[in-house]
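Throughout, protein chains are lettered first and strands after them, A, B, ... in sequence-line order, and every chain is numbered starting at 1.
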Amino acid sequence: GGQPSGGDTSGSGASGGGLTGSVNTDGSSTVAPLTEAAADLFRDEESGVNVSVATSGTGGGFKTFCAGETDVSNASRPIKDEEAADCEAAGIKYTEIVAANDGLSVIVNPENDWAEDLTVEQLNLIWGPEAEGKITNWNQVDPSFPDQAITLFGAGTDSGTFDYFTEEINGEDGAIRTDYSPSEDDNITIQGVAGDVGAIGFLGLSYVEENEGVVKAVAVDGVMPSTETVQDGTYTPLGRPLFIYVNNASYVDKEQVKSFIDFYVANSAEIAERALFVPLTEDQVTTATDELASLG
Amino acid sequence: MTAIIERRGGPASGRAPAPASSFAGRRRPGEFLIKLALRLAAAVTVVTTVGILIALLIPSLSFFAEVPVLEFLFGTRWAPRFADASFGVLPLVTATLWTTLIALLVAVPFGLGAATLLAEYARPRVRKVLKPLLEILAGIPTVVYGFFALQFVQGTVLRDWLHLPTGAFSVLAAGLVMGVMIIPTIASIAEDAMSAVPQALRQGSAALGANRMQTTLRVVFPAALSGIVAAVVLGISRAVGETMIVAIAAGNQAQLVTNPLDQGQTMTGFIANAALGDSRVGSLEYNTLFAVGLLLFLITLLINFISIRFVRRFREAY
Amino acid sequence: MSPTSTTATQPLRASAPIATGRNGEMRPSALAFLLLLWLSLFVAFAVLITLLITIFLTGQNKLSTALLFNFPSADPDEAGARPAILGSVWAIGATAVMTLPLGIAAAVHLEEFADRKRWFNRFIELNVQNLAAVPSIVYGLLALAFLSMLGVTNKNIVIGGAFALTLLILPVIIIATREALRAVPREIRDGSLALGATQWQTTWRQVLPASVPGIATGSILALSRALGEAAPLLVLGALVYITFDPNGLLSGYTTLPIQIFNWTGRPQEGFHELAGATSILLLAVLILMNALAIFIRNKFQKRW
Amino acid sequence: MSTPTGSAATATHTNFHAAETRRLAATPSGLIRCEDVNVYYGEFRAVTGVNLEFGRNEITALIGPSGCGKSTLLRSLNRMNDLVDGARVEGTVLFQDEDIYAKAVDPIEVRRRIGMVFQKPNPFPKSIYDNIAYGPRVTGMKVDNMDDLVEEALTRSALWGEVKDKLKQSAFGLSGGQQQRLCIARTIAVQPDVILMDEPCSALDPIATSRIEDLMHELRKDYTIIIVTHNMQQAARVADRTAFFTALADESTGDRTGVLVEYDLTRNIFEQPQDQRTEDYISGRFG
Amino acid sequence: MSTPTGSAATATHTNFHAAETRRLAATPSGLIRCEDVNVYYGEFRAVTGVNLEFGRNEITALIGPSGCGKSTLLRSLNRMNDLVDGARVEGTVLFQDEDIYAKAVDPIEVRRRIGMVFQKPNPFPKSIYDNIAYGPRVTGMKVDNMDDLVEEALTRSALWGEVKDKLKQSAFGLSGGQQQRLCIARTIAVQPDVILMDEPCSALDPIATSRIEDLMHELRKDYTIIIVTHNMQQAARVADRTAFFTALADESTGDRTGVLVEYDLTRNIFEQPQDQRTEDYISGRFG
Ligand SMILES: Nc1ncnc2c1ncn2[C@@H]1O[C@H](COP(=O)(O)OP(=O)(O)OP(=O)(O)O)[C@@H](O)[C@H]1O
Ligand SMILES: Nc1ncnc2c1ncn2[C@@H]1O[C@H](COP(=O)(O)OP(=O)(O)OP(=O)(O)O)[C@@H](O)[C@H]1O
Ligand SMILES: [Mg+2]
Ligand SMILES: [Mg+2]
């Protein structure tokens, strides 16, 4: 599993570079800790820059982003076509940067000793729209499972996590049974699963690692989510990248935004570790650096 | 003595010729402007109400253009933001009813008990200490109550201590804590109502050989009944409108709640949870928020009017 | 029998002693009733104390100056609530500045000038009572819709939150102020008017000064309610991580209840402790405000 | 400046009804006796050193200027002061030679036996019937037939004829005078020995007042009545004996406290007051 | 049943001070004249058809049982009733032959010219000095030296000696009688022509009462005074003329309304009342 971040900060450059101004970010609450960690570390370099992180969800973030309100949008899934169209209509040009990786994890109650490894098909059986009102007991998922009612918890509909999970497991963005307990607050999901033997839920890997013993992760198609399995790509289909979208104009025109984003990418490993995410691979770092370089 | 205070119409001057203007009004434009400003300030409250109505109605109208009113009101499946959307608000309403009912079961007896103690038994000095202490309960931020309900009441008391078959959330836990929060509201109004019962009635009862309990139950309660009803009704209104406790502790699954140990999403819980994300202005999701808000507003409006009626009745009685 | 009594019909009962040894106030039913009443209060206080203890146990580790002076951070050991504290100050300050003059003016109009015979004034009264019981989240929706209509897309600004909070506590302040004004005896007004003072002079120079303690008490209580409110601000979208001090009405901000709400939603236990510590802080402030209000009420409120 | 010196008699005609129709002993029989009674409200001493006996089947009036402690003393005779915060009685109040403040005494029973009628009629917000039945019910009286009891109480208080057809209606529908008689009926219903009345007519019009005064004469046959009144002519009309109180300023503190100035047969108080203060009061020089 | 019939005279001695020290015209000079005045509170008519003239530099007393509309009428003389919700005056009230309810009349100015002193002393929660200075300040009087004005007002109201060393202290520190004289001083300070007094002594003790009565005699030299009182002896002592009011029940509605029964020189009212109701009231048969 991943290690909680250490306390040591990078602080490589001389602090107080003299920049001022603000960097406004909004978007996924899953990605928010990543950007916050970046801002934490960045503050040691450029204490004059105000970084703010709002958490309207990935979809909500894109709305303000495409209205030109924010410089950076945090996203736990790629931008959708309609959202891109909005940006285009508003004349907003942007760059997508993968900032870290995450293993979207399926979790169950620690006392659940039957569902330790589920297939994508089983997950689809449990979570698909057709399951609504029908699949209510674990023994319907697999006859060998005990007679135990299933209760479901998961991310709220505005989150990228929701979009990603529905896309990957149910084959269509937003397609999911509705008789589950959606929450924009992942910790509520933890509470839900921890409080119910028959519960199952999904959320980011960091929550699983922080709540060992409270909830436990389920292997998907035989692979447990972890830094390694996510980085080496074996944890599929739920291993996923986390994104930040940078407003090109902001990057070019606002020195503080450029400085922050450059810092973000340059220190991605440390930032990811601090925020309990899976760091970028070498290739991903190179790609991101190149993308930025092309902006000038 | 220096006659600084001169007599204007004294006998010395005889009947002073009284010109028609002797009382003529001084013009006081400042006074007029001030009164106008005050009136405008008062009118702001009306503007607020109109604002609420407009703010809720316009998105709601767009909402009802897409979703028939009857389907909204009587539908039993609430899944507004899913691919397979449906807009039956009854699940939210049932959850609201449950949390409200449970809250009242706590707040009414305890609130009335506390009010009776304060109004009928406590000496002024004791009351002076107890009442503010009780009011702290109403001052605790509801976020704090929410986590108390979720972690302590639901997690520790209901699950660990009582071993009740309940999950992570329940309308029971939310309702119980909400009830505690409402105790001071009910106590305060009920106490007002009881204190408004003239001392003469208590004395009359005591002079006939009734003890305090008899006086309280048989004279003061009936006499303060409308005020007590008003207190309960206002308690209902508070419970229906409370947001953070239910958003945190009642759960987020919109389902028809039949068992208080189940989770459920209330109307306010839905609005709060939906608002945590950010819906595009004008989208159906956004309008849904306001349709539920409108329903909530209308329900509390109705309740408030009932409560105001009863308050007025006890104010008028004495 | 008394020799002076002309019609000696005093019945037998006259000789029954009154020293029965019993006491009607101490009948079992009466004692049980009293016990129930005390129980009501006891339950309420028991919950209060339990709540305070659980919060304290959660938050005690994180009660430090770091909480007061540090910015939020992705690392719970470094995070503090500084922007939330300042944000609360800004939001409540702006709310106070907007709502106090408005609320007091409206109350003065209703109590001192309005002719209750006019339907409009009666309607305003009714309306204020009703607004006082409108759920707070509805005010959030109102502010959301209002800001949207103005075309403001970034609703995470001090003035937006203050707007919602102002409308939320305006009726509370109006009602409290009216009560304070009503407590000033008629005689003071009559005395002033009989000297040839105008109604406004009477209000401004006699009634308002005399009701300052009552108004202050009500206002502090109303503002403390605003300070603890989270729901309407949540609807406006809440900033939770800012690395700067809110510094103006258009500045981004977060408040203590929102910060608590957010931290409790984090995976790390450390953030939950922070939420507990922040709750302690918020509660301490609220209880202090309550105590101040009660102090003012007891100390300065004249009993006429 | 003007010192009142003239002596033009007013056209006042007073009827010493009580004195004229009854022969009274020089000293009362002492159904209730106050011995050195002081009454305090917290630190403040409202009544000081009262020694007074009230005669059985007599009407005794307490008169005196406002604030001299008449009501306070009256309430201490049936322990109604127990219900007032901070009120405290020193000295002895004997009822049938029993100390009503003794430990073993049930204050509830004291109040049943020594009933009270108040200044403003205070019917309960119930029906006329229930107003009367309330006392017997709460005191747990054994009542064979409540209807009879209600009828008798109302008859005794001269109200039966007026209300017999609307017993189930709210008592609030009655006129002020009827309400006051209802309160008297209510008191009678629990079979007290003594009825205390604190300015029972001051909220009533002349006709209602005169009906109550008539009623008091009736009731005297069976009850002992102690009445506080502001209206001296009323005292003269109804009372067998009259006690005059006034308020004295304490030399040290400046606090005013009520004292008994003079107590005598009513006619004596009004025609040959022994104390100058009594005479000043009776003649309207203050009050 | 007892019907008051006896005629034993009380020991009452009344001093018709006013009548004895002054010769008065048979009809008053009419500084204020009420013509057919009705006063309503909403639908309820509290006072009906009053015709009355108040003489310049005279003291006129209004007496009558509680609720007969004395205060209501008094307040309609300086438009204090304007401030009571629903109160409405019909008929004409003339002050120096001007209709004070005419359109062009400023009620504020009416109240300054016709001052008022109330039942309960109502000093402002300010210093003694500021209590006096308040009126001149708010009415915008041109005052050369406020200190002199304050001194004179206090002197005229016989208070200067008692308070001259504590002008800056709160008026609440004064005794009730001093407070009432302060209220009179406050009224004098705005130079009114008439002073209305609504039971100014009913909250005061005998000594304070007598000081106020003395003061009224002093003030009569410069002011016209109209006083409502419950104390008939007070009316007899201070008033030049007395008006007796009572409350009549309306045949149709049963509502009671106040009417003027009799108005005459005080001595006549007390010694030769023309109306049976006046005599009944004066002799204490009700009230
Ligand atoms: N509950 C109380 N607490 C404190 N002081 C009181 C209380 N009741 C009365 N007093 C004071 O005790 C004194 C005597 O009051 P009391 O009411 O007995 O007078 P009273 O003779 O009945 O007057 P009145 O004729 O006005 O009814 C007064 O100074 C009064 O202010
Ligand atoms: N503000 C008011 N609104 C409605 N009715 C009123 C109002 N003030 C007085 N009244 C009524 O008008 C009538 C006359 O009242 P008013 O106060 O003038 O009587 P009063 O002669 O001064 O009595 P008292 O001797 O008790 O002072 C009464 O029936 C009273 O109830
Ligand atoms: Mg009394
Ligand atoms: Mg009056």
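Here the CG atom belonging to C:Asn262 is positioned 6.0 Å from the OG1 atom belonging to A:Thr55, to the nearest 0.5 angstrom. Once rounded to the nearest 0.5 Å, the distance linking CD1 of C:Ile242 with OG1 of A:Thr25 reads 11.5 Å.
For the pair C:Phe244 and A:Ser22, the minimum side-chain heavy-atom distance is 4.5 Å or more. Here the side chains of A:Val51 and C:Phe71 are not in contact, with every heavy-atom distance at 4.5 Å or above.
A donor-acceptor pair is defined here as one N or O able to donate and one able to accept, closer than 3.5 Å; such a pair exists between the side chain of C:Tyr241 and the backbone of A:Glu36.
Atom CD of C:Gln60 sits in a crowded spot, with more than 12 heavy atoms from other residues, nucleotides or ligands closer than 6.0 Å. Around atom CD of C:Glu269, more than 12 heavy atoms belonging to other residues, nucleotides or ligands sit under 6.0 Å away.
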Quiz item: When you look at C:Glu78 and A:Arg43, which way does the salt bridge (charged side-chain N to carboxylate O under 4.0 Å, His left out) test go after all the steps?
Solution: CA-CA 13 Å; C:Glu78 290 172 17; A:Arg43 192 163 62 229; 5.9 Å; no
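Heavy atoms of A:Val208 lying under 4.5 Å from chain C are absent altogether.
Looking at every heavy atom in both residues, C:Pro72 comes nearest to A:Asp40 through O-OD1, 3.4 Å. Between C:Ala74 and A:Pro33 the shortest heavy-atom distance is CB-O, 3.7 Å.
Among the candidates C:Pro83, C:Gly252, C:Ser73, the residue making the largest number of heavy-atom pairs closer than 4.5 Å to chain A is C:Ser73.
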